[in-house]
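So the structure is just underneath, and the comments pick up after that.
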Amino acid sequence: MKAFFKKMFAENPVFVLLLGMCPTLGTSTSVINGLGMGLSATAVLICSNFFISILRKFIPAKIRIASYIVIIAGFVTAVDMALKAYLPEISASLGVFIPLIVVNCIILARAESFASKNTPGKSAVDGLCMGLGFTAALVILSAIRELLGNGSLLGLPVLGSNYPKAIMMILPPGGFIVLGVVLGVIQLMRTKGGAKNG
Amino acid sequence: MVDAGRLFSILITTLLVENFVLVKFLGCCPFLGVSKKTDTAIAMGMAVTFVMALASAMSWLVNEYILIPFGLEYLQTIAFILVIAALVQIVEMAIMKLSPPLYASLGIYLPLITTNCAVLGVALLNVQKNYGFLESLVSGIAAALSFTLAIWLFAGVRERLEHSKIPSFMKGMPIALVSAGLIAMAFLGFSGMKL
């Protein structure tokens, strides 16, 4: 359980490892989008980690990256089609970012650094932790952006109708700025924590 | 059929109004990762331009002559990523043989391009927008140039940041992201342009 949380937060793919920036910035305009993106990536991550781990002894080392990409692309296509069929609105608002999960560095990085060396069970759990870490980061960012930019959370207005909406926060610049400030706060907390421990 | 005005409008729209990195958030990883110095940023931009132009042309051909005739459009994502991965490999080998100096300056960036989502993104968007061959090619080149423009501007800002006084907790990536936000804000100024 401790290792689980460690993976989700201390090794958070977005905030600590700075992986998967494109979907992070591109889809964190509202909590629903962020959640949809995070969970889709989690599903792909669990499946691809599991299968790559099963096949790890059969894949020749030289063409492993290409093989990983094909396996990942297969699952991404499945998730893409499932979303189109069952959640067409989310699929439409995430648009091209769903097929682009294929080139999300988090997934390839876990395949290369974890799934290719560990048992299928462990790899699936690793996929789950990393995926939830990614989802958590997306939800935090998108909650800040939706709250500041639209005065709402999950589409429900929370700040009242008099709230002056800072639309800039939902537009692209807001993505960069919010992520920058959040990383700054994390860096601040880390240096404070480090000083305490040291 | 081929309308030069339309091609020009695709070029300007993709380059400025819908800048791939700053407005569409495609290709952020290399944008943040390889932008510490202007010369490496330009080298990366050139490598991306080369691959992206080829990739959009190739993926259009694959889509038009292989996927559509056999009714396999749902395999687009898989087919395109394979095309791109193979292309990057071929380009890498070709440059290594033909021009060692160019390889020395671009070589290390080439493998990174496979996972640059802007490359796959432009191939997928071309299909979504129903572009023809020339239009796909132009939009690929324009997207790559927009990436180069963004990474070049950003690298220039980051070189300045190195020598500025910044509160210690904002040093490094946080301040870089905030400045990227400001650059993106400048690009929003183009968003009123309708072509």
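To find a chain, count down the sequence lines: A is the first, B the second, and so on, and within it residues start at 1. Computation of the quantities below employed the complete heavy-atom set of this structure, encompassing side-chain atoms and omitting hydrogens, waters and symmetry-equivalent molecules.
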- Message: Let me check something: do B/V62 and B/F70 share a hydrophobic cluster, defined by ILVMFWY side-chain heavy atoms less than 4.5 Å apart, either directly or through other members?
- Response: yes
- Task: Measure distances from A/L179 to the heavy atoms of chain B and classify the residue's part below 4.5 Å as side chain, backbone, both or neither.
- Result: both
- Do other residues, nucleotides or ligands put more than 12 heavy atoms under 6.0 Å from the CZ atom of B/F187? yes
- Message: Contact between B/M185 and A/I177 at the side-chain level, heavy atoms closer than 4.5 Å - yes or no?
- Response: yes
- Item | Co-membership, hydrophobic cluster, residues A/F58 and A/I72, 4.5 Å side-chain | yes
- Item | Within one Ile-Leu-Val-Met-Phe-Trp-Tyr cluster: B/V23 and B/V119, side-chain cutoff 4.5 Å | no
- Per-residue contact mode, B/L22 against chain A (heavy atom under 4.5 angstrom): both
- Which heavy atom of B/A184 sits nearest a heavy atom of A/P173, and at what distance? C-CG, 3.8 Å
- Note on the structure: Okay, A/I186 and chain B: the region with an atom under 4.5 Å from a heavy atom over there is neither
- Locate the shortest heavy-atom distance separating A/A73 from B/I81; write the atom from each residue and the value. CB-CG2, 4.1 Å
- Message: Looking at B/K37, I'd like to know if its NZ atom is crowded, meaning that more than 12 non-hydrogen atoms belonging to other residues, nucleotides or ligands lie closer than 6.0 Å.
- Response: no
- Taking the six-membered ring for Trp, are B/F25 and A/F176 ring centroids under 6.0 Å apart? yes
- Only one of A/V103, A/T77, A/I101 passes side-chain contact (heavy atoms from CB on, under 4.5 Å) with B/T77; say which it is. A/T77
- Task: Check whether any side-chain heavy atom of A/L100 lies under 4.5 Å from a side-chain heavy atom of B/L26, and answer yes or no.
- Result: yes
- Message: Are there over 12 heavy-atom neighbours, none belonging to A/F75, within less than 6.0 Å of that residue's CZ?
- Response: yes
- Query: Does one hydrophobic cluster hold both A/I54 and A/I71, with members joined at side-chain heavy-atom distances below 4.5 Å?
  - Reply: yes
- With a 4.5 angstrom heavy-atom cut-off, could you sort out which part of B/A85 is near chain A: side chain, backbone, both or neither? neither
- With a cut-off of 6.0 Å (strictly less than), are more than 12 heavy atoms of other residues, nucleotides or ligands near CE of B/M173? yes
- Query: Which residue out of B/P174, B/C117, B/G121 racks up the most heavy-atom pairs below 4.5 Å with chain A?
  - Reply: B/P174
- Message: So for B/F80, is it side chain, backbone, both, or neither that comes closer than 4.5 Å to the heavy atoms of chain A?
- Response: neither
- Query: Given a strict heavy-atom distance threshold of 4.5 Å, which part of B/L120 is in contact with chain A: side chain, backbone, both, or neither?
  - Reply: both
- For chain B, the option from A/P99, A/P172, A/G26 that forms the most heavy-atom pairs under 4.5 Å: A/P172
- Task: Indicate the atoms forming the closest heavy-atom contact of A/F97 with B/K24, along with that distance.
- Result: CZ-O, 3.4 Å
- Distance from A/I69 atom CD1 to B/I84 atom CD1, nearest 0.5 Å? 9.5 Å
- Joint hydrophobic cluster, B/V127 plus B/I68, side-chain heavy atoms closer than 4.5 Å: no
- Note on the structure: The interface call for B/I78 against chain A, heavy-atom contacts under 4.5 Å, is both
